[in-house]
Amino acid sequence: MPVARPEPSDSRTRIIAHVDLDCFYVQVEQRKQPELRGLPTAVVQYNEWKGGALIAVSYEARKLGVSRHMRGDDAKEVCPQIHLVQVPVARGKADLNTYRNAGSEVVSVLARKGRCERASIDEVYLDLTDSAEAMLRETPPESLESINEEARKSHILGLKSEDANDAQENVSKWLCRSDANHQDKLLACGALIVAELRMEVLKETQFTCSAGIAHNKMLAKLVSGMNKPAQQTVVPFSSVKGLLESLPIKKMKQLGGKLGTSLQTELGVNTVGDLLQFSEEKLQERFGINTGTWLWNIARGINGEEVQGRLLPKSHGAGKSFPGPRALKTIASVQHWLNQLCDELNERICCDLDQNKRIAHNFTVYASAYKSCDSESYKKFPSKSCPLRYGTAKIQEDAFNLFQAGLREYIGSHGVKTLGHHHNGWGITSLSVSASKIVPIPSGTGSITKYFHGQYTSPFSKETQDSFVKEAMPLSPSVKAIQSWNQLISCNLRIMYRLWVYKSRKEFYGKIRIHLVLQQCRQMMVLAREPPHHYPQEVDVAHL
DNA sequence: CATTTTCTTGCT
DNA sequence: AGCAAGAAA
């Protein structure tokens, strides 16, 4: 459920942009195959069954009646000329890495002009308040003798004669109005900055994008898709009311699902404007204190959510579905696919470790299943998690154990004895594995003792640590000794040894900078993490 | 049991 | 820890 956030404490007028790549996966494929530019094109996932599922459709194809939700075969039917490009496949599953990487390219361009939040593979929020204020101080729009072409094509919500011939003239005038209020002037600066950024994105990545520019995230997001492709839309403060009052409630982010439906059916609210009649108390009573306040606020165009400065994802996941007759019926097939998924996941977390110096700490296995015996009592397959260990084989081992823990629970008391029978009584329709709790490896100088106590949990038992430090360590080791120890002792002990060595060196020589060492040790400790002592167990309810 | 594969956030 | 909802290509 959405939650209300307080407005930023300094209560400055913020300038927020939401940038959205146009039919992103199609653009990525068109960059790879420029012959496809300008042609009706769509990206499909697999093509065995009815031509695969469409996940992105070019604007040319949309004009010819192709929409997402269609299968590849349907698209061919309404638009025989359409070019269908397949998502790359690796390890027997869709591989979205090219799109992730392309998204990163865009982020690195956009992140140059202010706080930047990567909201999804192809969407970014920007807080341009500082840049806009700086521009207004130094080179306000009214001082410019010409306004850049891209900015002149902006759509200004509520500006009259949006469709008149001289629309661009009107936009220029609006952007440069000297009698405008402070808020609008800042917004005009924001629009100029975003137009510039979008041109840079095009120049450096060849991708076009659309954008919304407003005073908060909600409004920016709401309008970024209003004029697509390759255009931007501005929401002056004065047009917020008019924009929202007739807007269907379901168009609002967070209200496209069940919450929006309950607003419609239970309160008879069909537009955002309809919400205005309800007091904050009434909404809190019905939807809880947090969501109630959030609803009351968005009806008034108020949204305090801050742009998080985050350029990287918070988790990595790899999954695959096994629809219809493809459902997995044997433990062996489940293990095979878990192994594929874990292999991909390991590659991605290792990449994250190398490139971004981040370590993932949590590992989760999800599955969906059906029980063919009693389709009446449909049960959710429980997800299970444990500390994450690096290395394909280790992740695979943990994944399989977690899955089996889940399966025991899923089959539950209905423990049908089907050993030796052909029919298991269950089928797995989807599997996924994910790595979360990803934290940056701390850099800079710090105390090594933190790694033993407190801030970071050591993967080694207290006894291991103590006995190693006490027995295995000679005083003041020489470089020679370090080298020979490195060859002799086991991986885990080697890490302990290194920690000790650097700690003691620090004590001996005082001024050794150890930040790189900290990084290395941290990495090695995680890479060498011992397996979990136990995997989640089913709780015996009868025993309680 | 056919859209599939991600990803985030909030509740309990 | 586990789950549900929502959103996006």
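Here is the naming used below: chain letters follow the sequence lines, and residue numbers restart at 1 for every chain.
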Are any of A:Tyr46's side-chain N or O atoms less than 4.0 Å away from OP1 or OP2 of B:dT5? yes

For the rings on A:Phe287 and A:Trp294, is their centre-to-centre separation under 6.0 Å? no

Tell me what A:Arg5 touches on the nucleic acid: a base, only sugar-phosphate, or nothing, going by heavy atoms under 4.0 Å. sugar-phosphate

Rounded to the Å, how far apart are A:Lys320 NZ and B:dT5 C1'? 10 Å

Check the orientation of A:Phe207 and A:Phe24. Use parallel for under 30°, tilted for 30 to 60°, and perpendicular for over 60°. perpendicular

For A:Pro2 and for A:Phe24, find the nucleotide of DNA chain C with the closest heavy atom, then tell me which residue's nucleotide is more 5'. A:Pro2

Could you check how far CG of A:Asp122 sits from P of B:dT6, rounded to whole Å? 16 Å

Once you round it to whole Å, what is the distance between C1' of C:dA8 and NZ of A:Lys251? 16 Å

Counting only side-chain nitrogens and oxygens, does A:Ser315 get under 4.0 Å of the OP1 or OP2 atom of B:dT8? yes

Distance check needed: B:dT6 P versus A:Tyr366 OH, whole Å only. 13 Å

For a quick check of understanding: with a heavy-atom distance under 4.0 Å over all strands, which category does A:Lys250 fall into, base, sugar-phosphate or nothing? nothing

Using a heavy-atom cut-off of under 4.0 Å over every strand shown, decide if A:Ala318 touches base, sugar-phosphate, or nothing. sugar-phosphate

Minimum-distance nucleotide to A:Pro313 side chain [options: B:dT3, B:dT4, B:dT8]: B:dT8

Judged by nearest nucleotide, the residue sitting upstream toward the 5' end of DNA chain B, A:Arg326 or A:Lys93, is A:Arg326

Nearest-nucleotide 5' precedence on DNA chain B, A:Arg348 against A:Pro323: A:Pro323

When all nucleic acid strands are considered with a 4.0 Å heavy-atom cut-off, which category describes A:Ala327: base, sugar-phosphate, or nothing? nothing

Nearest-Å distance, CG (A:Asp74) to P (B:dA2)? 15 Å

Look at A:Ser432 and B:dT6 and indicate whether a side-chain polar atom (N or O) is within less than 4.0 Å of OP1 or OP2. no

Sugar-phosphate, base or nothing in reach of A:Lys253, heavy atoms under 4.0 Å: sugar-phosphate

Checking all strands, does A:Gln254 fall into the base, sugar-phosphate, or nothing category for heavy-atom contacts under 4.0 angstrom? sugar-phosphate

Under 4.0 Å between a Lys/Arg side-chain N and an Asp/Glu carboxylate O for A:Lys203 and A:Glu200? no

From CG of A:Asn362 over to C1' of C:dA1, roughly how many Å is that when rounded to an integer? 9 Å

Closest of B:dC11, C:dA9, C:dA8 to the A:Val3 side chain is B:dC11

Spacing of A:Asp73 atom CG relative to B:dT3 atom P, expressed in whole Å: 14 Å

Looking at C:dG2, C:dA9, C:dA8, which one has an atom nearest to any side-chain atom of A:Lys384? C:dG2

Phosphate OP1/OP2 of B:dC11: any A:Asn290 side-chain N/O under 4.0 Å: yes

Answer with yes or no whether the side chains of A:Thr261 and A:Lys250 bring together a donor and an acceptor at under 3.5 Å. yes

Ignoring backbone atoms, establish whether A:Lys314 has a side-chain N or O less than 4.0 Å from OP1 or OP2 of B:dT9. yes

Can you tell me if the side-chain N/O atoms of A:Ser383 get under 4.0 Å from OP1 or OP2 in C:dC3? yes

The reported gap from CG in A:Asn303 to CG in A:Leu219 (rounded to nearest 0.5 angstrom) is 7.5 Å

Looking only at B:dT3, C:dA9, C:dA7, the nucleotide nearest the A:Tyr25 side chain is C:dA9

Which is true for A:Arg100 with a 4.0 Å heavy-atom rule: it touches a base, it touches only sugar-phosphate, or it touches nothing? sugar-phosphate

Using atom C1' of each nucleotide, how far apart are C:dA7 and B:dT3 to the nearest Å? 15 Å

Atom CD of A:Glu409 and atom C1' of C:dA1: how far apart are they, to the nearest Å? 11 Å

Hey, does A:Tyr99 reach any base, or is it just sugar-phosphate, or nothing, if we go heavy atoms under 4.0 Å? nothing

Looking at B:dT4, C:dA8, B:dC1, which one has an atom nearest to any side-chain atom of A:Pro325? B:dC1

Rounded to the nearest 0.5 Å, the OG1 atom of A:Thr208 sits from the CG atom of A:Asp22 at a distance of 3.5 Å

Angle class for the A:Phe381/A:Tyr410 ring planes (parallel below 30°, perpendicular above 60°, tilted otherwise)? tilted

Answer with base, sugar-phosphate or nothing: what part of the nucleic acid does A:Met252 contact at a heavy-atom distance below 4.0 Å? sugar-phosphate

Picking from C:dA1, B:dT6, C:dA8, which would you name as closest to the side chain of A:Ser385? C:dA1

